[in-house]
Amino acid sequence: MRMRLSELLQTGEVEETEGDLDRLVTGLAYDSREVKRGSIFFAVPGARADGHDFITQALEKGAVAVVVERKIAPPAGATWVRVRSVRRAMGTWAARFYDYPSRGLVLVGVTGTNGKTTVTYLVESIFRAAGMVPGVIGTVNYRYGDRALPALQTTPESIDLQRLLAEMAKAGVQDVAMEVSSHALELERVRDIDFDAAIFTNLTRDHLDFHSDMEHYFLSKSKFFSDYLPSSAKKNKSAVIHGGDPKGRELLEIVQGLGLKAVTYGQGREWDVHPLALESDLDGLRGKIQVKERVLEFSSRLIGSTNLENILAAAAAGFSLGLEPGAISSGIARLASVPGRLERIENRRGFSVLVDYAHTPDALERALRVLQPLARGKLITVFGCGGDRDRGKRPLMGEIAARLSDLTVLTSDNPRTEEPLKILEQIEVGVRKTALTKFQISDLRSQISNSKFKIQNSKFERGYFVEPDRRAAIRLSSRLARPGDLVLIAGKGHEDYQILGSKRIHFDDREVVREELARLGNKK
């Protein structure tokens with residue numbers, strides 16, 4: 001892409017300029033290390049570093065201009081542009097530089113604390129069943145055609161996002177399902193993205209290390225419907241809202257007040273999209289969905305009431321886009337699983353193992369409530385909490401796991417720079433509120449080292465263990481499980497790494513489960 005700086009200035013946001021405004025721009029960058037000759041450098045203020053401190057480096061590497069939000073004293077002859085918000089200008093300019101790629105795509109954005117990833121997978125499957133060519137941007141990866149790119153962020157920075165959408169459009173993608181995080185909404189990453197539909201799944205506690213409180217968290221989410229969706233250039237745009245969520249009702253009032261088209265979904269009959277009949281077991285979900293005046297039969301291999309809500313969201317989005325009912329039903333049926341979202345790890349030992357991304361109090365409670373009625377024996381939960389993140393949720397999750405599980409194994413998630421045992425102590429505060437028995441790993445360690453041992457686990461009917469080594473914790477759960485039991489490995493889901501201190505090591509719960517089952521012989 002090539003464009004004159006003066007053309008980008010026409011998008012607005014400019015408060016002051018100095019230097020040659022007719023310079024040729026061949027790239028955009030927000031990281032001084034990524035600046036190439038001909039780039040514009042956006043001096044983004046950040047929590048850990050401020051781009052204004054790297055202006056000299058950017059100019060030395062060949063930046064033709066820098067965009068700032070406070071007065072600076074750059075080297076003589078440098079071209080600079082001052083704006084009120086660098087992040088907002090970056091989003092607006094990136095859209096112009098890449099020629100507004102979202103305008104030529106059908107774009108569905110999904111926000112909410114839980115369910116975003118699963119809903120985008122379902123929408124992708126529905127698009128495919130409708131004969132469309134989809135792309136997906138989200139937590140697991142960014143993918144289109146035969147390409148799958150690693151997702152460094154759930155929603156990329158605006159420059160990366162606009163470039164990715166342009167690449168998708170060039171490759172023939174027609175429709176995109178995108179997860180839209182609260183960070184993205186707060187930090188202007190989706191500025192000048194033209195959405196056809198915006199989906200709200202729910203709002204529960206998360207990211208309070210970034211948001212000051214739940215009200216600020218909700219305000220960030222609500223911007224999708226009060227700011228970004230109304231400013232979309234699409235003519236037939238709609239808000240798809242989970243009416244059964246308390247905050248969904250608030251959003252519905254906002255949307256209706258703005259005169260936007262709204263489609264509601266939920267498990268109650270008062271919503272536009274709701275279930276009429278339902279069968280649920282470990283093989284999946286089956287039943288009928290009322291979609292306005294239409295009734296769809298559906299069958300899904302996804303498990304539980306939480307996934308029912310995700311299916312309703314995707315069906316509502318399909319309806320809002322005018323897709324055929326048959327394509328919606330077929331798309332739901334075609335999706336076999338979602339990586340790390342109640343993902344079943346097959347084995348022949350007679351018990352079930354599921355890996356899930358649940359890393360918030362609400363997500364963990366939802367997962368356990370879904371699984372409780374499906375477990376024929378004990379429900380065993382393995383989980384931990386990440387370091388350098390919201391500490392307040394740790395005792396909450398401990399209490400939830402202990403209350404809703406028969407056996408709980410507390411372990412490490414991504415400790416990062418925190419001491420793992422300190423994190424576990426904070427989780428254990430919540431566990432102790434349930435007055436459960438604490439079992440000692442030392443009583444079992446000699447047996448665990450022997451792959452052929454059998455725990456006589458009648459004494460381990462209800463209680464908890466603390467094992468900071470995540471592999472050892474998964475190993476313990478597989479040894480404790482008996483035919484009919486159900487084991488939930490929660491917290492990391494699709495992630496294939498663990499962060500210990502400043503090191504990132506390979507660790508995939510799904511791989512580790514399979515390896516530990518293989519050590520048992522993976523047979524009855």
Side-chain angles (χ1 to χ4, degrees), residues 1 3-4 6-14 25 28 83-85 87-111 120 123 127 130 132-138 142 144 155-181 184-200 220-241 251 254-263 316-323:
M1 305 294 294
M3 186 172 293
R4 295 289 173 185
S6 56
E7 295 179 71
L8 290 171
L9 295 179
Q10 294 172 13
T11 61
E13 310 295 330
V14 178
V25 177
L28 308 177
V83 296
R84 180 170 299 177
S85 167
R87 281 194 169 277
R88 187 181 179 97
M90 187 166 74
T92 300
W93 291 23
R96 176 69 183 87
F97 186 75
Y98 289 104
D99 197 21
Y100 302 99
S102 61
R103 293 182 181 177
L105 299 165
V106 174
L107 193 59
V108 176
V110 188
T111 199
T120 57
V123 170
F127 281 156
M132 299 168 160
V133 182
V136 177
I137 299 170
Y142 313 145
Y144 61 97
T155 312
E157 288 285 359
S158 56
I159 292 172
D160 303 322
L161 179 56
Q162 294 286 358
R163 181 173 58 245
L164 178 58
L165 290 173
E167 291 171 357
M168 286 182 170
K170 185 177 181 181
V173 169
Q174 300 168 322
D175 324 88
V176 176
M178 179 169 71
E179 295 183 50
V180 182
S181 68
L185 293 162
E186 186 68 23
L187 299 177
E188 302 275 357
R189 292 177 190 167
V190 291
R191 179 59 57 194
D192 271 15
I193 299 288
D194 295 299
F195 291 96
D196 292 84
I199 302 174
F200 172 76
S220 295
K221 291 289 190 188
S222 66
K223 286 180 182 178
F224 199 8
F225 302 88
S226 63
D227 181 359
Y228 294 98
L229 184 62
S231 65
S232 168
K234 300 295 177 59
K235 292 182 179 179
N236 185 30
K237 54 197 175 189
S238 56
V240 177
I241 295 176
L251 281 179
I254 292 172
V255 166
Q256 291 172 334
L258 292 170
L260 293 171
K261 172 186 172 184
V263 179
F319 169 77
S320 74
L321 295 172
L323 301 183

Main-chain N/O of [Y] paired to [X] side chain as donor or acceptor, under 3.5 Å:
| X | Y | value |
| --- | --- | --- |
| Asp196 | Leu107 | yes |
| Tyr228 | Leu185 | yes |
| Thr155 | Ser181 | yes |
| Ser238 | Lys261 | no |
| Lys237 | Pro230 | yes |
| Arg96 | Thr11 | no |
| Ser320 | Ala317 | yes |

Say you draw a straight line from [atom1] of [X] to [atom2] of [Y]; how long is it, rounded to the nearest 0.5 Å?
| X | Y | atom1 | atom2 | result |
| --- | --- | --- | --- | --- |
| Ile199 | Thr111 | CD1 | OG1 | 10.5 Å |
| Tyr144 | Gln174 | OH | CD | 15.0 Å |
| Ile137 | Ile193 | CD1 | CD1 | 7.5 Å |
| Phe225 | Gln256 | CZ | CD | 13.0 Å |
| Lys170 | Tyr98 | NZ | OH | 12.0 Å |
| Trp93 | Arg191 | CH2 | CZ | 15.5 Å |

Measure the shortest side-chain to side-chain distance between [X] and [Y] over non-hydrogen atoms and say whether it is less than 4.5 angstrom.
| X | Y | result |
| --- | --- | --- |
| Met178 | Leu165 | no |
| Pro101 | Gln162 | yes |
| Met90 | Leu28 | no |

For a quick test of reading the model, state the closest non-hydrogen atom pair linking [X] to [Y] and the distance between them.
| X | Y | result |
| --- | --- | --- |
| Ile254 | Ser222 | CD1-CB, 4.5 Å |
| Gly135 | Val173 | N-CG1, 3.7 Å |
| Ser231 | Asp194 | O-OD1, 4.1 Å |

**Message:** side-chain contact (heavy atoms from CB on, under 4.5 Å), that's the test. Do Phe127 and Leu321 meet it? Break it down for me.
**Reply:** CA-CA 10 Å; Phe127 281 156; Leu321 295 172; 3.8 Å; yes
**Item:** Salt bridge present between Arg103 and Asp192 (N-O < 4.0 angstrom)
**Value:** no
**Residue pair Leu8, Met3: steps toward the side-chain contact (heavy atoms from CB on, under 4.5 Å) verdict** = CA-CA 8 Å; Leu8 290 171; Met3 186 172 293; 3.6 Å; yes
**Message:** If the condition is ring pair (Phe, Tyr, Trp, His ring centres under 6.0 Å), which residues does Phe195 pass it with, not counting sequence neighbours?
**Reply:** Phe224
**Message:** side-chain contact (heavy atoms from CB on, under 4.5 Å), that's the test. Do Val180 and Lys221 meet it? Break it down for me.
**Reply:** CA-CA 9 Å; Val180 182; Lys221 291 289 190 188; over 6 Å; no
**Intermediate values then yes/no, side-chain contact (heavy atoms from CB on, under 4.5 Å), Met132 and Leu323** = CA-CA 11 Å; Met132 299 168 160; Leu323 301 183; 3.3 Å; yes
**Prompt:** Picking from Glu186, Glu188, Glu157, what satisfies side-chain hydrogen bond (donor to acceptor under 3.5 Å, both in side chains) with Arg87?
**Reply:** Glu157
